[in-house]
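The block underneath contains the structure these notes are about, expressed in structure tokens.
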Amino acid sequence: MITLVLGALLFGCLLPALVGWLGSRRELGFGWTFLISLIFTPLVGLIFVLLSPPLPAGSEPKMGCIGGCLSLAGLLFLGFVLMMGLALLLMPL
């Protein structure tokens, strides 16, 4: 049961955030990459990152407003998954 909760955390929030961070250095930006990774899978998000052209040299990463909003949504989702996992662990058989 613990591995199920940890797997949900890893694939539900951490990997999309990592793919979003990689996307912040591309034209697609963090927000869109994170959203694609969250809706589909981190692998699909990574494919979008690799297909997106890189930012010109010397430019700052594209985080934008959507990046912060989606990060907050991801943290809320993480809290929801943790609460559901805790409820499953404490549920009597």
Side-chain angles (χ1 to χ4, degrees):
M1 188 63 70
I2 291 290
T3 53
L4 179 66
V5 172
L6 290 176
L9 290 175
L10 181 65
F11 286 105
C13 293
L14 296 179
L15 285 178
L18 178 65
V19 172
W21 177 73
L22 292 173
S24 69
R25 288 157 173 67
R26 300 291 187 139
E27 287 289 327
L28 197 56
F30 173 84
W32 288 111
T33 309
F34 181 75
L35 185 64
I36 290 168
S37 298
L38 201 59
I39 292 174
F40 299 108
T41 65
L43 181 62
V44 172
L46 185 62
I47 290 171
F48 272 85
V49 166
L50 295 176
L51 291 177
S52 176
L55 288 174
S59 61
E60 292 188 22
K62 289 177 66 173
M63 295 301 278
C65 172
I66 194 168
C69 293
L70 289 176
S71 296
L72 180 61
L75 288 174
L76 291 174
F77 179 72
L78 174 66
F80 174 75
V81 169
L82 285 174
M83 286 178 21
M84 295 305 290
L86 183 63
L88 285 174
L89 287 175
L90 297 177
M91 186 185 321
L93 296 175

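Reckoned from all heavy atoms, side chains included, excluding hydrogens, waters and symmetry mates.
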Task: Nearest atoms (heavy-atom pairs only) where Phe30 meets Trp21 - done: CD1-N, 3.4 Å

Task: Atom of Gly45, atom of Val19 and distance for their closest heavy-atom approach - done: C-CG1, 3.5 Å

Open item on the list: Just verifying a value: how many Å separate Ile47 CD1 and Thr33 OG1, rounded to the nearest 0.5 Å?
Closed with: 13.0 Å

- [ ] Using the rule that two of Ile, Leu, Val, Met, Phe, Trp, Tyr join whenever any of their side-chain heavy atoms come within less than 4.5 Å, decide whether Val81 and Met83 are in one cluster.
- [x] no

TODO: Mind checking the CG-CZ spacing from Leu35 to Phe40? Nearest 0.5 Å is all I need.
DONE: 8.5 Å

TODO: Output the distance between atom CG (Leu55) and atom CD (Glu27), rounded to the nearest 0.5 Å.
DONE: 5.0 Å

TODO: Please answer: with hydrophobic residues joined when any side-chain heavy atoms are less than 4.5 Å apart, are Met84 and Leu90 in the same cluster?
DONE: no

Task: Check: Ser52 side chain, Val49 main-chain N or O, donor-acceptor pair, under 3.5 Å - done: no

Open item on the list: Are Leu46 and Leu51 connected into the same hydrophobic cluster when the rule is that any two of I, L, V, M, F, W, Y join if their side-chain heavy atoms are below 4.5 Å apart?
Closed with: no

Open item on the list: Hydrophobic cluster membership, with links at side-chain heavy-atom distances under 4.5 Å among I/L/V/M/F/W/Y: are Leu22 and Leu50 in one?
Closed with: yes

